[in-house]
Engineer: 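Here's a structure for you.
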2 protein chains.
Amino acid sequence: MKPTVHDIARSAGVSLATVDRVLNGRPGVRHVTRERVEQAISVLGYVRDVAAANLAKGRTYSFTFVLPNYDNSFMIGIRDEVEAAVSRSGAERTQIRIVEVPPFDAQVLADALDRIALDMPDGVAFVAVEGDEVHASVARLKEAGIAVATLVSDLPGSERDHFAGIDNNAAGRTAANLLGRFAGGRDGRIAVIAGSMLVRDHRERLEGFLAVMGDDFPRLTVLPVMEARDDPTLAAEVVSAALGHYCDIIGLYSLGAGNRGIAHALRQVPPDARPVVVAHELTNTTRAALAEGLIDAVLNQDAGHEVRSAIRVLKGKADGLPVIAAQERIRIDIFLKDNMP
Amino acid sequence: MKPTVHDIARSAGVSLATVDRVLNGRPGVRHVTRERVEQAISVLGYVRDVAAANLAKGRTYSFTFVLPNYDNSFMIGIRDEVEAAVSRSGAERTQIRIVEVPPFDAQVLADALDRIALDMPDGVAFVAVEGDEVHASVARLKEAGIAVATLVSDLPGSERDHFAGIDNNAAGRTAANLLGRFAGGRDGRIAVIAGSMLVRDHRERLEGFLAVMGDDFPRLTVLPVMEARDDPTLAAEVVSAALGHYCDIIGLYSLGAGNRGIAHALRQVPPDARPVVVAHELTNTTRAALAEGLIDAVLNQDAGHEVRSAIRVLKGKADGLPVIAAQERIRIDIFLKDNMP
DNA sequence: AATTTTCTGATTTACGTACCTCAAAAACTG
DNA sequence: CAGTTTTTGAGGTACGTAAATCAGAAAATT
């Protein structure tokens with residue numbers, strides 16, 4: 001039978017109250033007594049029943065998620081996952097509030113964070129936009145003792161406790177590896193289409209991509225990046241234009257959103273003249289494009305994992321626990337048409 | 001504030017005991033009263049506090065895992081994960097026992113299952129070996145009201161409740177897709193090395209692999225499968241022999257274990273003459289080989305996910321709950337050197 | 001109408017922990 | 001030594017649910 005606090009008390013020859021004081025780091029226990037209790041704990045192999053402890057504590061965690069009101073499938077996925085967490089929040093003794101802000105605006109984000117700080121939640125998670133104002137707001141949140149995590153897009157150098165997202169440089173490198181190998185030793189051009197170079201994750205993906213392309217695939221020429229602001233219509237135009245202008249584009253890396261437009265543009269090209277395509281995020285669009293053969297590989301970050309990781313970390317930080325890095329690392333998933341979930 | 005059973009009782013105008021009867025499906029409640037209570041539950045949005053319920057129930061689940069005492073890295077990984085679950089088992093109100101059996105022996109496995117049935121655990125998980133004896137033992141377990149799940153290798157057509165493992169046919173198809181594309185349109189031969197065609201997962205991988213190879217990559221010729229019984233030494237020999245015999249082997253699919261031997265054999269070949277290699281399971285060996293460039297891609301099934309999924313399902317089955325298929329699907333992970341976790 | 005059966009209510013105990021109070025004991029002060 | 005402070009014990013209540021008992025009410029049966 002699992003030992004309980006009562007067993008510890010009996011074994012250490014102290015009262016329940018003393019065990020409780022030791023377990024919860026409360027003052028008023030002599031050093032020798034404390035050691036006797038700790039001894040008993042380790043001998044009996046006592047582990048606190050977290051469920052019972054939480055029940056007794058009745059503690060609830062309040063978190064706020066700041067998300068861009070940005071309607072690409074991936075962000076919708078993130079929002080859905082946060083909302084799913086909200087609906088589970090009762091069972092998990094957490095109370096999660098969602099605040100929406102316009103995307104790509106550092107000042108608005110900073111203001112939102114400052115406003116949230118007034119409510120004194122236990123933790124805040126947000127999709128970072130770079131800017132000094134944001135750094136300052138994060139510093140103020142930490143100052144107020146609020147746990148802070150960035151989601152999807154990071155804010156390095158700030159005082160955030162944790163980043164719940166993928167290594168975007170590695171993602172870019174993976175994309176280059178796949179694209180280069182799928183191109184199969186042929187010479188030709190590679191088109192890259194991004195959302196905006198002002199966004200950190202897109203910049204990092206490009207960096208990684210270019211590094212591997214340059215080192216490992218010298219026979220492939222990467223064209224200058226085209227920015228389509230994650231807009232399907234714009235993306236379709238840009239891709240069509242590029243494919244029309246160069247006849248030797250054998251690869252396409254879509255490192256942002258707007259894949260619906262890209263798929264549309266590709267569909268206009270005869271199947272045997274289509275480039276190899278690597279895109280990001282498994283959405284309905286990319287899933288269908290994979291199945292159809294328009295896209296050859298999709299790199300994915302699991303929105304559900306990211307959101308749950310952020311919550312776990314915020315909870316831990318609120319309790320002053322350290323982050324177990326290995327457990328919170330978000331993987332870069334690769335999907336081909338054959339291993340789609 | 002979250003509603004509790006007390007709120008339900010008050011709102012429905014019944015006593016706590018009646019609410020309890022409704023919630024736990026106990027008899028002794030009139031139809032109309034039951035409906036009033038259910039009404040109140042849905043109006044107030046009551047959700048049972050599982051932690052408190054488990055605490056009150058004091059129920060513990062007893063499960064037995066039957067694992068082959070088979071010393072390849074992947075099986076060791078599975079064992080480690082089960083043991084990790086054992087060490088967590090206190091906190092999760094589960095009691096897990098591990099039984100080891102020699103691999104590939106249906107009769108021994110069946111006997112072990114029969115012996116386990118005598119202890120009447122709540123659930124059993126095992127790595128299946130095919131055989132009528134095993135089917136019969138599974139039927140007897142189910143007869144005794146014990147939940148049954150297969151792990152890693154399935155036993156289709158049996159009465160098992162669940163299979164916690166990957167779709168091995170899809171894995172084979174994925175391997176073919178990667179290998180075919182990495183080979184880059186060249187002509188040549190593909191070598192396939194397996195553990196044993198007597199094991200279902202290896203057979204299924206091969207099937208999927210051959211299907212895609214035949215359909216999508218007609219310029220590649222797949223050599224007859226070499227069986228190396230998952231033994232590194234034997235695998236090294238077989239691969240060396242094959243590479244020596246044919247000079248146009250441009251691809252190698254290792255669909256079983258023994259990759260240490262294969263890596264060793266590959267290292268003897270000059271780098272630019274090495275075939276493209278796809279292997280299974282991310283272990284220390286394959287991880288190093290990926291980094292070194294000996295292996296180009298690794299398909300992986302996450303042992304931790306599989307074990308946890310099996311436990312979740314057994315727990316659910318023990319409580320008579322249905323399996324949420326989507327949640328329990330084990331993904332086929334693809335790792336290149338750039339996206340290793 | 002009397003009896004049996006089926007429901008329902010009220011109440012209690014328990015699960016393992018947290019946290020509180022109050023009193024008693026022990027350990028230090030000067 | 002008395003006085004003060006610190007440490008400890010004993011006991012209780014609470015968290016939300018499960019499960020049991022027993023008595024009483026309502027319904028169904030005779």
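No experiment lies behind these values; they were computed from the predicted model shown. Order of the sequence lines sets the chain letters (A, B, ...), proteins ahead of strands, with each chain counted from 1.
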Engineer: With sequence neighbours left out, write down each residue that passes side chain to side chain contact (heavy atoms under 4.5 Å, CB included) with Ala128(A), or none if nothing qualifies.
Structural biologist: Phe126(A), Thr150(A), Leu155(A)

Engineer: Got a sec, which residues hit salt bridge (Lys or Arg N to Asp or Glu O under 4.0 Å) with Glu281(B), two or more places apart in sequence or on another chain?
Structural biologist: Arg205(B)

Engineer: Using five pairs at each end of the helix from dA1(C)-dT30(D) to dG30(C)-dC1(D) to define an axis, what is the angle between those two axes, to 10°?
Structural biologist: 30°

Engineer: For Gly58(A), answer base if it contacts any base atom (sugar-phosphate contacts may also be present), sugar-phosphate if it contacts only those atoms, and nothing otherwise; contact means non-hydrogen atoms under 4.0 Å.
Structural biologist: nothing

Engineer: Starting from C1' on dT17(C), measure out to CG on Asp7(A) and report it in whole angstrom.
Structural biologist: 13 Å

Engineer: Who passes salt bridge (Lys or Arg N to Asp or Glu O under 4.0 Å) against Arg21(A), sequence neighbours left out?
Structural biologist: none

Engineer: Please list each protein N or O that sits under 3.5 Å from an N or O in nucleotides 28-30 of chain D, with the distance.
Structural biologist:
none

Engineer: Under the side chain to side chain contact (heavy atoms under 4.5 Å, CB included) test, which residues partner Ser153(A), sequence neighbours left out?
Structural biologist: Val127(A), Val199(A), Arg200(A), Asp201(A)

Engineer: Residues in salt bridge (Lys or Arg N to Asp or Glu O under 4.0 Å) with Glu133(A), at least two apart?
Structural biologist: none

Engineer: According to side chain to side chain contact (heavy atoms under 4.5 Å, CB included), who are the partners of Asp161(B), at least two apart in sequence or on a separate chain?
Structural biologist: Lys142(B), Ala147(B), Val148(B), Lys317(B)

Engineer: Quick test: give all pairs of protein nitrogen or oxygen and nucleotides 16-21 of chain D nitrogen or oxygen below 3.5 Å, distance rounded to 0.1 Å.
Structural biologist:
unit_1: dG16(D); atom_1: N2; unit_2: Ala52(B); atom_2: O; d: 3.3
unit_1: dT17(D); atom_1: OP1; unit_2: Tyr46(B); atom_2: OH; d: 2.6
unit_1: dT17(D); atom_1: OP1; unit_2: Asp49(B); atom_2: N; d: 3.3
unit_1: dT17(D); atom_1: OP2; unit_2: Val5(B); atom_2: N; d: 2.8
unit_1: dA18(D); atom_1: OP1; unit_2: Asn24(B); atom_2: OD1; d: 3.3
unit_1: dA18(D); atom_1: OP1; unit_2: Arg48(B); atom_2: NH1; d: 2.1
unit_1: dA18(D); atom_1: OP2; unit_2: Asn24(B); atom_2: ND2; d: 3.2
unit_1: dA19(D); atom_1: OP2; unit_2: Arg26(B); atom_2: NH1; d: 2.8
unit_1: dA19(D); atom_1: OP2; unit_2: Arg26(B); atom_2: NH2; d: 3.4

Engineer: Please list, chain by chain and in numerical order, all residues satisfying salt bridge (Lys or Arg N to Asp or Glu O under 4.0 Å) with Glu100(B), sequence neighbours excluded.
Structural biologist: Arg79(B)

Engineer: Would you please name every residue forming a side chain to side chain donor-acceptor pair (under 3.5 Å) with Tyr70(B), sequence neighbours left out?
Structural biologist: Asp230(B)

Engineer: Sequence neighbours excluded, which residues qualify as side chain to side chain contact (heavy atoms under 4.5 Å, CB included) partners of Pro121(B)?
Structural biologist: Ser62(B), Thr64(B), Ile116(B), Asp119(B), Val124(B), Ile146(B)

Engineer: Would you call Asp167(A) and Arg331(A) a salt bridge, using N to O less than 4.0 angstrom?
Structural biologist: no

Engineer: Considering heavy-atom distances to DNA chain C, does Arg30(A) or His31(B) have its closest nucleotide positioned more toward the 5' end?
Structural biologist: His31(B)

Engineer: For Thr18(A) and dG9(D), is the shortest distance between a side-chain N/O and OP1 or OP2 below 4.0 Å?
Structural biologist: yes

